[in-house]
Amino acid sequence: MLDIKFIRENPELVKTGIKNKNEKDTVDEILVLDKRRREILNEVEVLKAERNSVSKEIGVLKREGKDATEIMSRMKSVSEKIKGLDAELRETEEKLNEKMLWVPNLPHESVPVGKDENDNIEVRRWEPDGFVYEKDFELKDHLELGKKLGILDFDRGAKITGSGFPVYVGKGAALERALINFMLDLHIQKHGYTEVIPPLLVNRDSMVGTGQIPKMEDDMYQIPKDELYAIPTAEVPITNLHRNEILNEDEVPKKYVGYTACFRREAGSYGKDSKGFLRVHQFNKVEMVKIVKTEDSYDELEKITNDAEDILKELNIPYRVLMLCTGDLSFSAAKCYDIETWSPAENKWLEASSCSNFETFQARRLNLRYRSKEDKKVHLLSTLNGSGLATSRLMVSLLENYQTPDGKVIVPKALHKYTGFTVIG
RNA sequence: GGAGAGGUGGCAGAGUGGUUGAAUGCGGCGGUCUUGAAAACCGUUGACGGUGCAAGCUGUCCGGGGGUUCGAAUCCCUCCCUCUCCGCCA
């Protein structure tokens, strides 16, 4: 959520940001509601002040045994007026709040203006020493490898649940588990994050807090009976850890890392990159979340991106980092780097991580603040998160890059101590 | 799922419907004392909104929402959460 005062004072700036993000511009409607809200507020507060003081007088009169019927009946009509204005105020505030929840975060000034993913900018690329993009043997894709090696079973997953719910079998399951543990350990031990295992189901307030709702509501799996939602990313429960809290300055920054399964309906995306792991409804992800002072947030964005890249360097998997343009930026993000891993069989780059700075956008929805030692006041914090990483696309790149001409898959060295075996097949 | 108890300021814990934003204690902050610290003593101590250049004035908030009343932390309705017991179950 943006600051209503900021919108009031910089409507054109906000409109430009919304336009660059390809979102719906509701600024004018918001300004009208905001103005109306303040008008009612001014009117009703005068009446409430009167009611408060006169009610006290009535108390005094009654204690002295004096008659107060006349003054009471006068106050009754004041009270009725207040009731009417309060109702109008509530209605206006509800409308305003609803509109405010639909206003996206504004892109940071360093973000290139662009229409869609084609306008994203590659900021760097990394390959292992001696890496070649053109292999000298016939490559199998991850589906074929998974099937031939008996480590991935998409068909039975579809039988049990539906398409997009993969089953990992034998060494496939062990490899998945190894990846998760490897990534967690690296972030905990080398990068200094604190591990959390959060709930996989969250309430509506949590989803609103991080900005998935209202915009992405149809992309969530819902449990209507209990008014809960399956998390699309660990970002939601972890960022919500400190919702409605005022942290001490020395508790900041908070750095969390957590592994969770993630659930996404991916409504309306059928037919596009849909085979195997390229698009799934349930996948595993290790997620990093940072809660920091706003002035530090852009340094922290670079760091969190580097932390994610570290995983791929350790695994020796080629990747590139993109700076997303305004049009490809998610609803809540001010700036975002995507990390894409190389898939030789698909002959393309696959998004395996997204590292974003939300500045105070989520914190304002979350009511997440800290008390400054310097001025003793409370200030909004800033939140960031980065996948570190999602295993599904990573698994694609891993299997395809580490395959041998005779159809086996070598296990990356960094995972040996987690898998206990060095080759699959 | 059934029965009961309870949700008040950072924490603990009072609060006959009427100067209660809320006693008291702890904690925090500032000060006195001290070479320094502790102890003791004194003072101070919420968030959010409106208005104003500011000082200030003002409104809201005692789990969430709604209601009764001139006036609600206190009464009523409803939802949520926590705890205890019973039942069911991984």
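Every chain is numbered from 1, with letters handed out A, B, ... down the list of sequences. Predicted model, so just to flag it, every value in this text is computed and none were measured. Because only heavy atoms are used, hydrogens play no part in the values below, and waters and symmetry mates are left out as well, while side chains stay in.
Look at Arg8(A) and you'll find a side-chain N or O under 4.0 angstrom from OP1 or OP2 of G50(B). The side chain of Lys76(A) contributes an N or O atom lying less than 4.0 Å from OP1 or OP2 of C70(B). Under 4.0 angstrom from either OP1 or OP2 of C70(B) there lies no side-chain N or O belonging to Arg74(A).
Ring geometry for His281(A) versus Phe165(A): interplanar angle of 30 to 60°, hence tilted. Using cut-offs of 30° and 60° for the angle between ring planes, the His187(A) and His191(A) rings count as tilted. Tyr418(A) and Phe182(A) have perpendicular rings, their planes meeting at more than 60° on a 0 to 90° scale where under 30° would count as parallel.
At a cut-off of 3.5 angstrom, counting only N and O atoms as typed in the model, there is no donor on one side facing an acceptor on the other between the side-chain of Glu93(A) and the base of G49(B).
For Ile246(A), taking side-chain heavy atoms from C-beta onward, the closest of the listed nucleotides A47(B), U51(B), G49(B) is A47(B). Checked against G50(B), G49(B), C70(B), the side chain of Arg51(A) finds its nearest nucleotide in C70(B). Among U51(B), G71(B), A47(B), the nucleotide with an atom closest to any side-chain atom of Ser55(A) is G71(B). With distances taken from any side-chain atom of Arg37(A) to the nucleotides G50(B), G59(B), A47(B), the minimum falls on G50(B). Side-chain proximity of Arg369(A) to G59(B), U19(B), A47(B): nearest is A47(B). Among G49(B), C48(B), C70(B), the nucleotide with an atom closest to any side-chain atom of Val378(A) is C48(B).
Pairing of G87(B), defined by two Watson-Crick or G-U wobble distances under 3.5 Å, is not identified with any nucleotide. The partner of C53(B) cannot be assigned: no Watson-Crick or G-U wobble pair with both contacts below 3.5 Å exists in any strand. Nucleotide A38(B): unpaired (no Watson-Crick or G-U wobble partner with both distances less than 3.5 Å). Of the nucleotides present, C48(B) is the one that pairs with G59(B) by Watson-Crick or G-U wobble criteria, both distances under 3.5 Å. For G25(B), the paired nucleotide is C11(B), the pair qualifying as Watson-Crick or G-U wobble because both relevant distances are below 3.5 Å. With a cut-off of 3.5 Å on both Watson-Crick or G-U wobble distances, the partner of A5(B) is given as U82(B). Applying the Watson-Crick and G-U wobble criteria (two distances, each under 3.5 Å), A72(B) pairs with nothing in any strand.
Looking at Thr383(A) and Lys290(A), their side chains never bring a donor and an acceptor atom within 3.5 Å of each other. The closest side-chain donor-acceptor pair between Ser206(A) and Arg243(A) falls under 3.5 angstrom.
Aromatic rings from Phe421(A) and His416(A) are positioned such that their centres are separated by 6.0 Å or more.
The backbone N or O of Glu346(A) lies less than 3.5 Å from a partner atom in the side chain of Ser343(A), making a donor-acceptor pair.
Atom C1' of U16(B) sits at a distance of 9 Å from the matching atom of U74(B), rounded to the whole Å. Nucleotides G2(B) and C79(B) are separated by 12 Å at their P atoms, to the nearest Å. When the P atom is compared between G52(B) and U32(B), the two are found 41 Å apart, to the nearest whole Å. On the P atoms, A47(B) is 35 Å away from U34(B), given to the nearest whole Å. Taking the P atom of each, A72(B) and U24(B) are spaced 25 Å apart, rounded to whole Å. The gap from the C1' atom of A38(B) to that of C33(B) amounts to 12 Å, rounded to the nearest Å. Nucleotides U60(B) and G9(B), compared at atom C1', are 16 Å apart to the nearest Å. A23(B) and A40(B): their C1' atoms are spaced 24 Å apart (whole Å).
Electrostatic pairing of Arg371(A) and Glu249(A) does not count as a salt bridge here, judged by no charged N lying under 4.0 Å from a carboxylate O.
Across all strands shown, Ile58(A) has heavy atoms under 4.0 Å from base atoms, whether or not it also approaches the sugar-phosphate. Within the nucleic acid shown, Asn52(A) comes within 4.0 Å of sugar-phosphate atoms alone, with no base atom in reach, counting heavy atoms only. Heavy atoms of Met75(A) sit under 4.0 angstrom from primed sugar atoms or phosphate atoms, though from no base atom. Lys5(A) comes within 4.0 angstrom of the backbone, heavy atoms only, and of no base.
Between the CD atom of Glu91(A) and the P atom of G66(B) there is a distance of 13 Å, given to the nearest Å. The separation between Glu50(A) atom CD and U58(B) atom P is 14 Å, rounded to whole Å. Between Lys35(A) atom NZ and G49(B) atom P there is a gap of 21 Å when expressed in whole angstrom units. We find that CG of Asn42(A) is positioned 14 Å from C1' of U60(B), with the value rounded to whole Å. A straight line from CD1 of Ile4(A) to P of G49(B) spans 12 Å, rounded to a whole angstrom. The distance between atom CG of Leu247(A) and atom C1' of G46(B), rounded to the nearest whole Å, is 16 Å. One atom, CD of Glu43(A), and another, P of U51(B), lie 14 Å apart when rounded to the nearest Å. Nucleotide A47(B) holds its P atom 21 Å from the CZ atom of Arg243(A), rounded to whole Å.
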For this session: Would you sort out whether Gln362(A) and Glu235(A) count as a side chain to side chain donor-acceptor pair (under 3.5 Å), showing the intermediate values?
Result: CA-CA 11 Å; Gln362(A) 292 182 328; Glu235(A) 162 197 354; 2.9 Å; yes
Exercise. Can Val78(A) and Glu50(A) be said to form a side-chain contact (heavy atoms from CB on, under 4.5 Å), step by step?
Worked result: CA-CA 9 Å; Val78(A) 170; Glu50(A) 184 188 358; 4.2 Å; yes
For this session: Please test Tyr259(A) against Glu195(A) for side chain to side chain donor-acceptor pair (under 3.5 Å), starting from the C-alpha separation and ending with a verdict.
Result: CA-CA 8 Å; Tyr259(A) 151 69; Glu195(A) 183 176 6; over 6 Å; no
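Contacts with RNA chain B (heavy atom under 4.0 Å) in residues 77-90 of chain A: Ser79(A), Lys83(A), Arg90(A), listed by number.
Between Lys377(A) and Lys48(A), it is Lys377(A) whose nearest contact on RNA chain B lies nearer the 5' terminus.
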